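Let me begin by presenting the structure, written as structure tokens, before commenting on it.
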Amino acid sequence: MKSPRPRVLFATPECAPFVKTGGLGDVSAALPAALHELDVEARVLLPGYPGVLAAFRGARELATVAQAASVPACRLLEASLPSGVPLIVADCPTLYARDGGPYQDAGGHDWPDNGHRFGALSRIAALLGSAASPMEWHADIVHCNDWQTGLAPACLHYTPPPRARSVMTVHNLAFHGSFDPRLVAELGLPPESYAMEGLEFHGRMSFLKAGLHYADALTTVSPTYAREIQTPEHGAGMDGLLRKRRADLTGIRNGIDTTYWNPATDALIESRYGPENLGAKRANKRALQRRLGLDEKPEAPFLGMVSRFTHQKGTDLVADVLPGLLGLPLQFAALGSGEREHEHALRSLADRHPGRISVTLGFDETLAHLIEAGADLFLMPSRFEPCGLNQMYSQRYGTPPVARATGGLADTIVDTTTQSLADGTATGFLFGEASAPALAAAIRRALDAWRDPVAWRALQRNGMARDFGWMEPARRYVEVYRRLVAAAGS
Ligand code: ADP
Ligand code: GLC
């Protein structure tokens, strides 16, 4: 399977703009497009959720996949991403065509058949990397993303050669995809795969463990997270396996779509700007205050947050520190949704402080852009953060982040100190301990800096000048692919 132009199947459970619950949706759209520019023939494989099928009505059928074990038959449809990257849609109505989210129903409960839904996706990915591919095309590399595609490397392992090499990218180690061991047979895997040296994890079948055990190469989305997940604290029980495989594990920070997230051209914000006319940010702040019903106070520092409201993201820390900071003239706005108690804690603060605190529950692309553009500071107090995209957006929008020094946050933000201000590298504010006092101290430090307009402008411009584009990370992925293809051919 040696090819001068690697053929990569990028298998993913979400891809913007069709289906997105978090950063993986953004990565799945942007990374394959960057790979194309580097002469990699990447195709994306995505389940046919209703929103995906609606975008491609009348799409041509590329092939059919027969029923196997208890996985139903499926059609593969031809589509493409807005970037022009070919998209293969796995159309299997019994598994994917239902109202609700990609992983959960409208009430927030996991779909009971997620094992079959993503077992099918993984099987199709592996099939497209085998000589038995039902399409004329087959992949040299099957690139899997998170547990939803984690079974593909196991399926490939049990596929007779010639077969694709596999890459497993961990976007979040906290989600394991654990199911009843009965699924091993139901998904057509041999009984011997259910072993400690296989996909068994604490008496369950784990899709993530399958990916981590069987994939030829492992990557995760920042160098710091690659080190952290090899420790018991951040390893979610997989740290032993990850330490064993550390020679195969590479940390590659995510990029961002610098065309879509560009304050100079962003059609979703009130007033466009760049490093030379940062004063125009004020119009965005005013628009944000109006839209959210907050007092129109240009002089009040504005703290923004766009996030899943979960323990991972530290939204509870924000709810804990805000009351103690309200002696200062600041305003705060959060957009997101997630765990009920986190939503409730933030909402009750907003109810108690109208005009100063606003909390919007839900997913709102336009408001997300306006918060990035209109806020003065962006909060990301994550307990862990594999990479994180918002802190890169916020730096690009001249909105310095206040973030915990973990994972990709530590890799993409330079803390403000006398030294980093002097040498022109400072871009934000980092704190160490995952506690409310540590977050409060970092916010106070940021507000002190905010009161010095010269230093603040410098900080904004430093962040705006950083290159967070996809080209450098995409090159690193190409190196991983080329190493695997070379090893297969030798
Ligand atoms: P994660 O994937 O862990 O949620 P990331 O920072 O990698 O975190 O990516 C989150 C992505 O989802 C960003 O593009 C962010 O703007 C977007 N996002 C998160 N919540 C919302 C929301 N409520 N409305 C709009 N966009 C959101
Ligand atoms: C996950 C992580 C986030 C990362 C995203 C894309 O959702 O929580 O840190 O940026 O995946 O890789």
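Ligands are counted one by one from 1 in listed order, and the atoms in each one are counted from 1 as well. None of the values given here were measured: they were computed from a predicted structure.
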Check your understanding: Hey, are Thr169 and Thr219 close enough side-chain-wise for a donor-acceptor pair under 3.5 Å?
Key -> yes
Point to revise | Gly362 heavy atom under 4.0 Å from ligand 1 | key: yes
Practice item. Output yes when the distance from some N or O of ligand 2 to some N or O of Lys313 is under 3.5 Å, and no in every other case. Key: no
Review point. Among Phe363, Tyr393, Phe384, which one has a heavy atom closest to atom 21 (C) of ligand 1?
Key: Phe363
Practice item. Output yes when the distance from some N or O of ligand 2 to some N or O of Val221 is under 3.5 Å, and no in every other case. Key: no
Check your understanding: Under 4.0 Å between a Lys/Arg side-chain N and an Asp/Glu carboxylate O for Glu296 and Arg290?
Key -> yes
Check your understanding: Below 4.0 Å from any atom of ligand 2, is there a heavy atom belonging to Glu14?
Key -> no
Point to revise | Ligand-residue contact atoms, ligand 2 with Asn172, heavy atoms, under 4.0 Å | key: 8 (O)
Practice item. State whether Glu472 and Arg475 are salt-bridged, where the test is any N-O pair (Lys NZ or Arg NE/NH1/NH2 against Asp/Glu carboxylate O) under 4.0 Å. Key: no
Review point. Do you know which two heavy atoms are closest between Leu128 and Leu45, and how far apart they sit?
Key: CD1-CD1, 4.5 Å
Review point. For the residue pair Trp111 and Tyr103, is the inter-centroid distance of their aromatic rings smaller than 6.0 Å?
Key: no
**Study point:** Salt-bridge present (Asp316, Arg383; N to O < 4.0 Å)
**Key:** yes
Review point. What do you reckon, does Cys387 put a non-hydrogen atom under 4.0 Å from ligand 1?
Key: no
Exercise for review: Answer with yes or no whether Ser337 contacts ligand 1, where contact means a heavy atom under 4.0 Å from a ligand atom.
Suggested key: no
Review point. Taking distance alone, with no angle check, do Gly23 and ligand 1 share an N/O pair under 3.5 Å?
Key: yes
Review point. With backbone taken as N, CA, C and O and side chain as the heavy atoms from C-beta onward, which portion of Asn254 lies under 4.0 Å from ligand 2: side chain, backbone, both, or neither?
Key: side chain
Point to revise | Side-chain donor-acceptor contact under 3.5 Å, Glu433 with Ser435 | key: yes
Practice item. Heavy-atom contacts with Gly336 under 4.0 Å: which atoms of ligand 1 show up? List them by number with element. Key: 23 (N)
Review point. Purely on distance, is any nitrogen or oxygen of Lys20 under 3.5 Å from one on ligand 1?
Key: yes
Exercise for review: Could you check atom 24 (N) of ligand 1 against the protein and tell me its nearest heavy-atom contact, residue, atom and distance included?
Suggested key: Asp364 N, 3.0 Å
Point to revise | ligand 1 contact on Leu389 by region, counting heavy-atom pairs under 4.0 Å | key: both
Review point. Between the main-chain N or O of Val40 and the side-chain N or O of Arg7, is there a donor-acceptor pair closer than 3.5 Å?
Key: no
Check your understanding: What residue and heavy atom of the protein are closest to atom 3 (C) of ligand 2, and at what distance?
Key -> Glu385 OE2, 3.3 Å
Exercise for review: Check whether any side-chain N or O of Arg396 sits under 3.5 Å from a backbone N or O of Trp261 as a donor-acceptor pair, and report yes or no.
Suggested key: yes
**Study point:** Donor-acceptor pair, side chain of Arg347 and main chain of Thr360, under 3.5 angstrom
**Key:** no
Exercise for review: Looking only at protein heavy atoms, identify the closest one to atom 8 (O) of ligand 2 and say how far it is in Å.
Suggested key: Gln312 NE2, 3.2 Å
Point to revise | Sub-4.0 Å atoms of ligand 2 with respect to non-hydrogen atoms of Pro386 | key: 2 (C), 8 (O), 9 (O)
Check your understanding: Relative to ligand 1, is Asn390 under 4.0 angstrom through side chain, backbone, both or neither, heavy atoms considered?
Key -> both
Review point. Judging by distance only, is a nitrogen or oxygen of Leu24 under 3.5 angstrom from one on ligand 2?
Key: no
Review point. Should Asp376 and Lys285 count as an ion pair when the cut-off is N to O under 4.0 Å?
Key: yes
Exercise for review: Establish, from distance only, whether the side-chain atoms of Thr12 and Ser28 form a donor-acceptor pair under 3.5 Å.
Suggested key: yes
**Study point:** Protein heavy-atom partner closest to atom 14 (O) of ligand 1 - residue, atom, separation in Å
**Key:** Asp26 OD2, 2.6 Å
Check your understanding: Are side-chain N/O atoms of Lys281 and Ser271 paired as donor and acceptor at under 3.5 Å?
Key -> no
Review point. Is the shortest distance from a Lys or Arg side-chain nitrogen in Lys20 or Asp26 to a carboxylate oxygen in the other one below 4.0 Å?
Key: yes
Exercise for review: Any atoms of ligand 2 less than 4.0 Å from a non-hydrogen atom of Arg308? List them with their elements.
Suggested key: 8 (O)
Practice item. Please verify whether a non-hydrogen atom of Gly388 lies at under 4.0 Å from ligand 2. Key: yes
Check your understanding: What residue and heavy atom of the protein are closest to atom 1 (C) of ligand 2, and at what distance?
Key -> His171 O, 3.1 Å
Check your understanding: ligand 1 and Trp261, any nitrogen or oxygen pair closer than 3.5 angstrom?
Key -> no
Check your understanding: Any heavy atom of His171 sitting closer than 4.0 Å to ligand 1?
Key -> no
Check your understanding: Would you say the side-chain atoms of Gln104 and Asp110 include a donor-acceptor pair closer than 3.5 Å?
Key -> yes
Check your understanding: Is there a donor-acceptor pair under 3.5 Å between the side chain of Asp257 and the backbone N or O of Tyr260?
Key -> yes
**Study point:** Region of Met380 that comes within reach of ligand 2 [heavy atoms, distance under 4.0 Å]
**Key:** neither
**Study point:** Closest to atom 8 (O) of ligand 1 (judged by heavy-atom distance), picking from Glu385, Arg308, Lys313
**Key:** Lys313
